[in-house]
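Here's the structure, in structure tokens; my notes come after.
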Amino acid sequence: MKKSIRNLLLATLTAIALNGSQAFAQEKSIVVSSTTSTEQSGLFNYMLPIFKMKTGIEVKVVAVGTGQALDIGHRGDADVVFVHDKPAEEKFVEEGFSTKRYEVMYNDFVLIGPKSDPAKIAGGKDIQVALQKIATAQAPFVSRADKSGTNAAELRYWKGAGITPSSNQSWYKETGSGMGPALNTASAMNGYILADRATWLSFKNRGDLVILVQGDPKLFNQYGVMLVNPAKFPHVKKAQGQEFIDWLISKNGQDVIASYKIDGEQLFFPNAKK
């Protein structure tokens with residue numbers, strides 16, 4: 001009898017210890033609202049297990065368009081925001097939703113289209129001239145129309161080209177979707193689309209689509225990261241969120257970002273300021 005009671009006590013203590021360790025493990029996690037490009041390119045699947053192994057912190061990603069990711073931060077429903085729309089990020093800081101923005105990495109946007117290239121833009125170096133030709137030809141163009149960083153960039157380029165496209169025009173298709181689904185739509189339509197290079201490189205359903213315009217300095221695509229302000233939202237996990245940011249901009253984190261490649265091609269280029 002004594003032995004069975006002892007075993008029962010040991011089992012109970014073990015269960016308590018396990019529950020305690022599980023609760024602690026659950027506490028070692030943060031929520032990061034981020035863009036679809038960081039997820040759909042495969043970067044997070046590559047990078048986050050390395051971070052967790054180093055720190056024990058699990059990163060739970062909510063991958064949406066940059067505008068939605070910032071909205072999540074505005075509500076205090078994330079600990080960290082990791083996006084790519086610098087003007088919107090700077091406004092996020094100015095309004096007190098974060099106290100500092102850190103630059104992490106960059107790549108570029110590319111203009112994708114069908115090999116047949118009905119708008120005759122292949123090989124061009126000016127994104128705005130290319131968009132003018134697409135509008136003149138009324139060639140099918142797919143827009144994410146989801147308030148993402150890519151969508152914000154696309155609208156800036158249209159404005160620079162002196163054109164205001166709308167869904168009322170038959171050639172301009174708004175999807176309201178992430179980069180991957182929008183690329184699927186462009187592939188099905190044989191249409192033109194602006195994409196971040198990282199998602200394009202990881203995209204498999206290309207059909208007849210190819211890169212037609214690249215290399216314009218205006219296509220530069222910077223990513224930034226911010227801790228959601230714990231003074232505004234006390235539940236934000238300040239220490240763990242900052243640890244994630246500090247790792248991203250550290251030599252180790254920057255080296256991990258640089259080492260992520262698809263078919264030997266680097267997708268993101270670290271440029272955190274020392």
Ring centre gap for Y106 and H84 strictly below 6.0 Å: no
Any idea which heavy atoms bring S33 and A69 closest together, and the distance? OG-O, 3.0 Å
Check whether Y102 and I57 end up in the same hydrophobic cluster, where Ile, Leu, Val, Met, Phe, Trp and Tyr are linked by side-chain heavy atoms less than 4.5 Å apart. yes
Tell me the closest heavy-atom pair linking P181 and Q40, and the distance in Å. CD-NE2, 4.1 Å
Shared ILVMFWY cluster between V62 and I245, side chains joined below 4.5 angstrom? no
Non-hydrogen side-chain atoms of L111 and I121 separated by less than 4.5 Å: yes
Spacing of L212 atom CG and I193 atom CD1 [to the nearest 0.5 Å]: 12.5 Å
Ignoring hydrogens, what is the shortest heavy-atom contact between T175 and A145? Give both atom names and the distance. N-CB, 4.4 Å
Evaluation steps, side-chain contact (heavy atoms from CB on, under 4.5 Å), between V110 and I112: CA-CA 6 Å; V110 289; I112 308 295; 3.6 Å; yes
Using modelled atom types only, decide if a donor and an acceptor are shared between the side chain of Y192 and the backbone of A119 within a distance under 3.5 Å. yes
Short question: side chain of D79, backbone of V31 - any donor-acceptor pair under 3.5 Å? yes
Are V80 and V83 co-members of a hydrophobic cluster defined by side-chain heavy atoms under 4.5 Å apart? yes
Starting from the C-alpha separation in whole Å, work towards a yes-or-no answer on side-chain contact (heavy atoms from CB on, under 4.5 Å) for L227 and K100. CA-CA 7 Å; L227 179 73; K100 187 171 183 180; over 6 Å; no
Kindly compute the distance separating CZ (F269) from CD1 (I257), expressed to the nearest 0.5 Å. 12.0 Å
Check whether any side-chain heavy atom of L183 sits under 4.5 Å from a side-chain heavy atom of N205, and report yes or no. no
Working note: R156 + D85, criterion salt bridge (Lys or Arg N to Asp or Glu O under 4.0 Å); need CA distance, chi angles, decisive distance, verdict. CA-CA 11 Å; R156 286 196 300 271; D85 184 353; 3.8 Å; yes
Find the distance between CG (L194) and CG (L131) and round it off to the nearest 0.5 Å. 8.0 Å
Just wondering, do F233 and R75 contact through their side chains at under 4.5 Å, heavy atoms? no
Give a yes or no answer on whether the side chain of D196 reaches the backbone of T199 with a donor-acceptor pair at less than 3.5 Å. yes
What is the distance from atom CZ of F203 to atom OG of S187, rounded to the nearest 0.5 Å? 5.5 Å
Do E243 and T55 get their side chains close enough for a donor-acceptor pair, meaning under 3.5 Å? no
Do the side chains of E58 and K60 get close enough for a salt bridge, i.e. N-O under 4.0 angstrom? no
I211 and R197: CA distance, side-chain angles, deciding distance, side-chain contact (heavy atoms from CB on, under 4.5 Å) verdict: CA-CA 9 Å; I211 294 175; R197 188 183 295 270; 3.8 Å; yes
Do side-chain atoms of K237 reach the backbone of S29 as a donor and acceptor pair under 3.5 angstrom? yes
Side-chain donor/acceptor of Q214 to backbone N/O of K125, under 3.5 Å: no
What are the two closest heavy atoms between A88 and L70, and how far apart are they? CB-CD1, 3.6 Å
Is there a side-chain contact between K218 and D126, using heavy atoms and a 4.5 Å cut-off? yes
Verdict with reasoning, Q222 to N271, per side-chain hydrogen bond (donor to acceptor under 3.5 Å, both in side chains): CA-CA 9 Å; Q222 177 71 51; N271 68 340; 2.8 Å; yes
Answer whether the closest heavy-atom distance between the side chains of Q68 and K147 falls below 4.5 Å. no
In the structure I gave you, are the side-chain heavy atoms of S143 and N151 within less than 4.5 Å of one another anywhere? yes
In terms of heavy-atom contacts, R144 and T150 come closest through NH1-OG1, 3.5 Å
D255: salt bridge (Lys or Arg N to Asp or Glu O under 4.0 Å) partners, not counting sequence neighbours: K251
Has the side chain of E265 got a donor or acceptor atom that lies under 3.5 Å from a matching backbone atom of I262? no
Validation row: V129, Q132 side chains within 4.5 angstrom (heavy atoms): yes
Kindly assign one of parallel, tilted or perpendicular to the pair Y46 and Y260, based on the angle between their ring planes and the thresholds 30° and 60°. tilted
For D146 and G65, indicate whether the former's side chain and the latter's backbone hold a donor-acceptor pair under 3.5 Å. no
Group every Ile, Leu, Val, Met, Phe, Trp and Tyr by side-chain heavy-atom contacts under 4.5 Å, then state whether I50 and L43 land in the same group. yes
Under a 4.5 Å cut-off applied to non-hydrogen side-chain atoms, are R101 and K86 in contact? yes
Would you call the rings of W247 and F51 parallel, tilted or perpendicular, taking 30° and 60° as the class edges? tilted
Find the distance between NZ (K204) and CG (N184) and round it off to the nearest 0.5 Å. 13.0 Å
Does any donor atom in the side chain of N252 or S250 lie under 3.5 Å from an acceptor atom in the other side chain? no
Starting from V61, can I reach V104 by hopping between I/L/V/M/F/W/Y residues whose side chains sit under 4.5 Å apart? yes
Where M226 and S98 come nearest, the two heavy atoms and their spacing: CB-OG, 3.4 Å
To the nearest 0.5 Å, atom CG of N229 lies from atom CD of E95 at 12.5 Å
H74/D71 under side-chain contact (heavy atoms from CB on, under 4.5 Å): CA gap, chis, key distance, verdict: CA-CA 5 Å; H74 282 125; D71 286 343; 3.7 Å; yes
Would you please classify the geometry between the F141 ring and the Y172 ring as parallel, tilted or perpendicular, with 30° and 60° separating the classes? parallel
State whether a side-chain donor-acceptor pair under 3.5 Å links T35 with S37. yes
